[in-house]
**Student:** 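This is the structure I want to talk about, given as structure tokens.
In what follows, every chain begins at residue 1, and chains take the letters A, B, ... in the order their sequences are listed.
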Amino acid sequence: MTASVDRKVTELDGPPSLGPLYARAAAGAALPGGGGRDLPAREIVRRGVSVEQEHLADYALACGFGIGGALPLTYPHVLAFPLQVVLMADRSFPLPLPGLVHLANRITAHRAVTPDETLDLRVHADRFVAHPKGAQVDLVAEARVGEELVWEGRSTYLARGAEAPADNPPGTDIAEPSTPTGTGAATWKVAGDTGRRYAAASGDVNPIHLHPLTAKAMGFPRAIAHGMWTAARAVAALQGRIPDAATYDVVFRKPLLLPSTVELVTERSGPDWSLAVRSARKPDKVHLTGRVTPA
Amino acid sequence: MPASTRRAAVIGGNRIPFARANGAYSRASNLDMLTATLDGLVARFGLSGERLGEVVAGAVLKHSRDFNLTREAVLGSRLDPATAAYDVQQACGTGLQAAIAVANKIALGQIESGVAGGVDTASDAPIALHDDLRRVLVRLNAAKSPVDRLKLVGQLRPGQIVPEIPQNSEPRTGLSMGEHAARTALEWGIGRAEQDELTAASHQHLAAAYDRGFFDDLVTPYLKLTKDNNLRADSSVEKLGKLKPVFGKGPDATMTAGNSTPLTDGSALVLLGSDEWAAEHRLPVLAHVVDSETAAVDYVHGPDGLLTAPVYAVPRMLARNGLTLQDFDLYEIHEAFASTVLATQKAWEDAAFAKERLGLDAPLGPIDITKLNVAGSSLAAGHPFAATGGRIVATLAKLLRERATEENKDQRGLISICAAGGQGVVAILEAKA
């Protein structure tokens with residue numbers, strides 16, 4: 001889509017440490033100036049990433065996946081996520097990292113990726129456009145085995161009150177998946193430490209997920225679940241039912257406050273699945289809607 | 001019930017490489033491994049979305065939450081979720097007994113296809129609460145008044161925190177399996193050298209089988225392992241001879257960590273079906289299940305060793321089928337310990353034992369050891385208890401098929417698996433030319 005853009009490549013030798021990056025971004029956001037008007041023409045690259053059994057097992061356990069022959073569909077996201085943060089925490093990035101809201105996410109696995117494969121990861125930012133409440137941007141990740149593209153992710157974030165350059169062309173939004181409304185397929189008691197467990201497994205240590213107090217400081221009544229945890233937990237329930245090559249779209253709706261009891265609703269239509277995670281007490285309060293289609 | 005029966009076909013198998021405990025699979029659960037093995041089987045035989053007759057498997061070391069282990073594996077797999085499943089457990093006989101259960105239903109025409117096997121992890125073993133603590137907690141849960149609860153809390157003692165870790169020992173004798181096997185080894189005068197020879201052969205045979213690609217369609221890599229990691233291709237009698245005995249006492253002790261199987265994690269399954277089902281699915285038949293027998297011995301108060309039940313099971317099965325022990329082209333005797341395999345053979349060769357204990361006029365006689373465990377067995381591959389039966393059935397069925405094709409002659413194989421609790425499961429497979 002944006003192959004013509006010439007991006008400056010930054011290669012990382014190892015996994016970046018996210019705590020200091022968040023701290024720097026928080027400090028940077030408090031300072032005047034900084035941040036370009038438009039997206040930086042940069043690409044963050046990490047080559048030769050191999051899967052560690054402990055990390056994979058912690059992630060699988062936190063999200064409800066089994067440890068199978070293939071990586072969970074959403075797992076490469078947590079390998080690529082630190083690269084997103086490197087890009088967004090940099091002074092050249094036009095939006096402040098603290099307070100970014102994850103609106104939607106699309107993942108496409110082109111085939112099963114096995115834990116013994118070595119991945120090359122690339123991340124860049126794309127589609128910086130106006131949103132009714134501010135500006136939104138996509139962080140685009142890809143994973144390759146050698147030259148072969150095996151996995152892609154597109155995370156859409158909103159910065160409230162921010163402005164995007166007026167002349168940036170709008171892209172196509174992830175169409176809101178339909179919300180299944182039937183009987184819940186499963187009830188989950190989502191524990192209060194879910195955010196901390198997922199943070200440990202994913203590296204996403206955003207304070208709104210960690211503790212009621214840190215969440216309050218950011219304007220939430222309690223800690224909220226990571227959107228990508230909810231997305232992972234939901235698609236984990238479809239283990240065995242969806243093909244290896246699949247596209248998984250999710251749109252995040254109401255924050256899932258911790259602890260909570262929620263229901264997963266699934267609906268099958270031919271090879272496609274739609275799903276929703278909703279409050280068990282108030283079924284019209286929907287936290288996430290999603291759709292899985294064969295890729 | 002039908003008036004006649006048919007022989008179930010062994011169509012193929014799938015297992016993950018076996019891993020020494022607390023290593024490559026230390027974070028994988030029984031459910032993880034069984035589901036991955038089932039999905040590998042489904043992929044290999046193109047069974048995605050298929051409703052099979054049933055899936056039967058089990059685990060020896062099992063968490064109470066895994067009561068429906070096999071059914072849960074089916075629900076997480078690519079099989080049609082309308083495929084029924086149940087768990088079995090017969091210690092090291094689990095995998096073979098599961099295969100027999102499925103084969104018998106196929107033989108009766110009750111099902112057309114099925115999957116059987118087992119899984120075990122010694123790494124993710126269930127650790128139970130101290131019994132005293134468990135009892136207090138159960139009563140605490142049922143207690144109605146705060147006073148009752150307080151009284152119960154008063155019964156808690158620091159010593160109760162020590163958990164009960166599963167032991168590889170017999171509840172009635174308190175002896176480990178190795179100690180039991182050492183008694184049998186002593187009784188039959190099994191020497192150190194012959195045990196080490198059998199062990200080295202197991203490693204060399206397994207390594208050679210991997211080298212010639214024999215396991216390419218029997219094993220699916222898992223968590224970065226492509227081969228059983230207990231395998232030592234360079235194993236030799238000299239190297240094994242340097243190990244110190246770990247079971248038995250004094251100068252007569254012969255059993256080492258080398259000629260005994262290590263604690264292992266792994267999973268193995270076989271696909272069984274009627275000939276018609278196999279043909280409909282365009283799947284070749286490797287071999288057929290001819291018959292099976294399960295025996296048990298009184299190893300607690302009686303004269304028999306813990307792992308000697310197959311010694312009794314085999315002659316009963318042979319008699320029923322009008323066969324002698326020499327009527328086999330291949331033998332698979334599970335190597336729980338090298339001494340077990342050797343003691344089993346000695347018992348079959350012993351005239352007095354045949355007469356007094358087996359009630360036979362003549363001993364079964366020797367077997368040609370060039371036909372024994374020709375693709376390696378548990379000493380080299382490792383022995384995740386419930387997974388061993390599935391490994392052996394698939395291995396033997398494929399070996400018989402290869403030989404039947406090469407020699408254009410029917411081939412017959414014997415499986416003998418000893419199990420904790422003084423039980424033994426044996427079976428006959430046959431491949432048509």
Side-chain angles (χ1 to χ4, degrees), chain A residues 48-73 75 79 109 111-119 145 185-186 189 197 200-201 232-246 264 266-268 270-273 292 294, chain B residues 14-17 19 22-44 47-52 55 65-66 69 71-83 85 119 121 123-124 219-227 229 265-267 269:
Chain A
V49 177
S50 64
V51 173
E52 288 163 29
Q53 189 194 173
E54 285 294 316
H55 186 254
L56 174 62
D58 286 342
Y59 178 83
L61 200 63
C63 303
F65 287 104
I67 300 174
L71 298 179
L73 178 64
Y75 181 72
L79 297 179
R111 64 162 170 82
V113 184
T114 56
D116 57 340
E117 291 186 295
T118 301
L119 302 174
V145 175
K189 291 203 163 84
R197 287 172 65 102
R233 181 79 184 77
V235 84
L238 295 179
Q239 187 198 346
R241 311 298 176 92
I242 56 173
D244 290 328
L264 170 73
T266 59
E267 197 176 279
R268 187 178 193 160
D272 301 340
W273 288 83
V292 184
Chain B
N14 186 50
R15 69 178 178 96
I16 56 174
N22 304 311
Y25 302 163
S26 61
R27 293 292 304 272
S29 67
N30 277 333
L31 182 58
D32 289 336
M33 291 192 285
L34 188 61
T35 309
T37 307
L38 186 54
D39 266 335
L41 186 95
V42 165
R44 174 164 300 141
L47 301 175
S48 187
E50 285 262 347
R51 182 172 71 83
L52 300 183
V55 180
R65 63 168 182 259
D66 286 339
L69 174 68
R71 175 62 182 147
E72 287 296 327
V74 168
L75 284 172
S77 78
R78 291 244 159 86
L79 284 179
D80 184 337
T83 299
V119 57
T121 167
S123 303
D124 185 33
V219 175
T220 304
Y222 184 62
L223 287 177
K224 302 189 183 182
L225 268 199
T226 54
K227 268 183 201 186
N229 69 4
D265 305 337
S267 169
L269 292 168

**Student:** Most heavy-atom pairs under 4.5 angstrom with chain B, which of A:L238, A:V51, A:I67?
**Tutor:** A:I67
**Student:** Given heavy-atom pairs under 4.5 angstrom as the criterion, report whether the side chain, backbone, both or neither of A:E117 touches chain B.
**Tutor:** neither
**Student:** Chain A: which of B:G40, B:A28, B:P81, B:S29 shares the most heavy-atom pairs with it under 4.5 Å?
**Tutor:** B:P81
**Student:** Nearest 0.5 angstrom please: B:L225 CG to A:Q53 CD, how far?
**Tutor:** 9.0 Å
**Student:** Where does B:L79 contact chain A at under 4.5 Å (heavy atoms): side chain, backbone, both or neither?
**Tutor:** neither
**Student:** Quick one: pull up CZ in A:R241 and OG in B:S77 and give me the separation to the nearest 0.5 Å.
**Tutor:** 8.5 Å
**Student:** Considering only heavy atoms, which portion of B:S26 lies under 4.5 Å from any heavy atom of chain A: side chain, backbone, both, or neither?
**Tutor:** both
**Student:** Is the shortest side-chain heavy-atom distance between B:R27 and A:L56 below 4.5 Å?
**Tutor:** no
**Student:** Chain B heavy atoms under 4.5 Å from A:I242: which part of the residue, side chain, backbone, both or neither?
**Tutor:** backbone
**Student:** Checking heavy atoms, do the side chain of B:A24, its backbone, both or neither come under 4.5 Å from chain A?
**Tutor:** backbone
**Student:** Which residue out of A:L61, A:D58, A:T114 racks up the most heavy-atom pairs below 4.5 Å with chain B?
**Tutor:** A:D58
**Student:** Does any heavy atom of chain A fall under 4.5 Å from the side chain of B:T35, the backbone, both, or neither of them?
**Tutor:** side chain
**Student:** Under a 4.5 Å cutoff for heavy-atom pairs, which residue among B:V42, B:D32, B:T226 has the most contacts with chain A?
**Tutor:** B:D32
**Student:** Testing the basics here: between A:G69 and B:A36, what is the closest heavy-atom pair and its distance to 0.1 Å?
**Tutor:** N-CB, 4.1 Å
